[in-house]
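Because the structure is predicted, anything quoted here is derived from the model rather than measured. Each residue takes its place number in the sequence, starting with 1.
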Amino acid sequence: MELDFLLLLTIFIIGFVGSFVSGMVGIGGSIIKYPMLLYIPPLLGFTAFTAHEVAGISAVQVLFATIGGVWAYRKGGYLNKSLILYMGISILIGSFIGGYGSNMMSDSAVNLVYGLLATIAAIMMFVPKEGIEDQNLTEVKFNKGLAASLAFITGIGAGIVGAAGAFILVPIMLVVLKIPTRMTIASSLAITFISSIGATVGKVTTGQVEYLPAAVMIVASLLASPLGANAGKKINTKILQGILAALILASAIKIWVSFFS
């Protein structure tokens with residue numbers, strides 16, 4: 001598609017806002033940026049990106065957005081290496097399968113997968129979670145087989161939409177695996193980084209990436225993600241969960257309304 005300065009500026013702003021929230025609540029940012037990239041450019045009079053182009057841009061951008069977030073959380077004991085290893089390997093395989101296979105899907109099918117993932121994540125975020133915030137971070141235990149299986153399934157769907165899957169990994173880690181919130185946020189960024197490698201390779205090898213918009217999003221991500229991560233350390237965990245749940249729910253509703261209209 002033809003690109004001009006105003007469109008690139010719009011893409012930069014979308015990337016900056018999405019990546020700030022990404023670093024703050026421990027997601028790759030695509031839960032926000034996917035619908036923003038899909039709907040804001042045509043709303044401002046620019047040619048719309050296709051769902052495949054949005055997914056390709058998102059996959060490459062998430063790869064870089066998560067680097068800044070993980071770097072900000074590298075100290076403090078929030079990164080659970082065992083959790084990252086088990087879920088990271090599984091989601092890497094799944095996201096490559098999804099990213100590569102998405103080339104054979106229609107735009108509406110890609111949006112449908114996004115809507116399903118966002119809806120599941122939104123529902124899970126509202127499930128009550130009690131008794132896990134006071135847990136000693138060095139004593140956190142989880143079901144390794146369940147963690148790996150859920151990460152693989154999530155990776156396939158996330159690879160299709162280029163989202164890396166953090167927006168559904170976070171509620172899985174909080175609700176199913178019972179991981180404390182701040183450890184979930186930090187570890188999910190590392191797992192998301194691993195996932196985005198598979199998704200990016202799958203998208204690039206099948207020609208689904210618009211490189212200039214992706215580069216603009218990367219610059220915005222590297223600037224905004226560490227700022228968001230630092231802000232996230234200072235905000236009450238209940239507020240962080242509320243922000244994430246609201247964003248996921250709003251995105252899910254918007255996608256379904258557009259899908260059926």
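- Both V54 and L44 belong to a single network of hydrophobic side chains, linked directly or stepwise wherever heavy atoms of I, L, V, M, F, W or Y lie under 4.5 Å apart.
- Panel note: side chain H52, backbone V161; no donor-acceptor pair is recorded below 3.5 Å.
- Put simply, the side chain of I160 reaches to within 4.5 Å of the side chain of M105, judged on heavy atoms.
- Here the side chains of N103 and T205 are not in contact, with every heavy-atom distance at 4.5 Å or above.
- Linking Ile, Leu, Val, Met, Phe, Trp and Tyr residues whenever their side-chain heavy atoms come within less than 4.5 Å leaves L174 and I153 in two separate clusters.
- Exactly one of I89, L92, L85 qualifies for a side-chain contact (heavy atoms from CB on, under 4.5 Å) with I194. That residue is L92.
- Judged by distance alone, the side chain of S149 and the main-chain N or O of L146 form no donor-acceptor pair under 3.5 Å.
- Here the straight-line distance linking atom OG of S196 with atom CD1 of I91 works out to 9.5 Å at 0.5 Å rounding.
- Hydrophobic clustering (ILVMFWY, side-chain heavy atoms < 4.5 Å, transitive): F49 and V204 are in one cluster.
- Interatomic distance, CD1 of I14 versus CD of Q61, reported as 11.0 Å (0.5 Å rounding).
- Side-chain atoms of S221 and F16, non-hydrogen and from C-beta on, never get closer than 4.5 Å to each other.
- Without hydrogens or angle criteria, S95 side chain to G155 main chain gives no donor-acceptor distance under 3.5 Å.
- Rounding to the nearest 0.5 Å places CD1 of I40 at 11.5 Å from CG of L7.
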task = Apply side chain to side chain contact (heavy atoms under 4.5 Å, CB included) to the pair V216 and Y211, showing each step before the final yes or no.
result = CA-CA 9 Å; V216 172; Y211 290 103; over 6 Å; no
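- Under the 4.5 Å side-chain heavy-atom criterion for ILVMFWY residues, no single connected hydrophobic cluster contains both I97 and L169.
- Side-chain contact check for L83 versus L177: some heavy-atom pair is nearer than 4.5 Å.
- In this structure, OH on Y114 lies 8.5 Å from OG on S58, to the nearest 0.5 angstrom.
- Residues L116 and W256 come closest through the heavy atom pair N-CZ2, 3.6 Å.
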query = Between L37 and E53, is a side chain to side chain contact (heavy atoms under 4.5 Å, CB included) present by the stated rule, with each step listed?
reply = CA-CA 9 Å; L37 278 172; E53 288 171 339; over 6 Å; no
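- Taking every heavy atom of both residues into account, A190 and I84 meet most closely at CB-CD1, 3.6 Å.
- Side chains of N143 and Y86: no donor on one and acceptor on the other come within 3.5 Å.
- Under 3.5 Å, the side chains of S102 and K203 contain a donor-acceptor pair of N or O atoms.
- Interatomic distance, CG of N111 versus OG1 of T50, reported as 9.5 Å (0.5 Å rounding).
- Expressed to the nearest 0.5 Å, how far CE of M87 lies from CD1 of I172 amounts to 6.0 Å.
- Cluster membership check: I93 does not share its hydrophobic cluster with F96, using side-chain heavy-atom separations under 4.5 Å among Ile, Leu, Val, Met, Phe, Trp and Tyr.
- For the pair M183/L79, no side-chain contact is recorded, criterion being any heavy-atom separation below 4.5 Å from C-beta on.
- Not one N or O on the side chain of S90 forms a donor-acceptor pair closer than 3.5 Å with the backbone of F152.
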task = Check the pair I11, F46 against side chain to side chain contact (heavy atoms under 4.5 Å, CB included), reporting the backbone distance first and the verdict last.
result = CA-CA 11 Å; I11 293 170; F46 301 111; over 6 Å; no
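- In this structure, V110 and Y34 have side chains that are in contact, with non-hydrogen atoms separated by less than 4.5 Å.
- Across all non-hydrogen atoms, the minimal contact from T200 to A59 is OG1-O, 3.0 Å.
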query = Does the side chain to side chain contact (heavy atoms under 4.5 Å, CB included) test come out yes or no for N80 and F142, once each step is laid out?
reply = CA-CA 11 Å; N80 186 313; F142 60 95; 4.2 Å; yes
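- The two residues L117 and A158 have their closest heavy-atom pair at CD1-N, 3.8 Å.
- Contact annotation: the side chain of V209 never approaches that of I57 to less than 4.5 Å [non-hydrogen atoms, C-beta and beyond].
- The two residues A220 and F12 come nearest to each other via the heavy atoms CB-O, 3.5 Å.
- Across all their heavy atoms, T184 and V170 have their closest contact at CG2-O, 3.8 Å.
- I191 places a side-chain heavy atom less than 4.5 Å from the side chain of M173.
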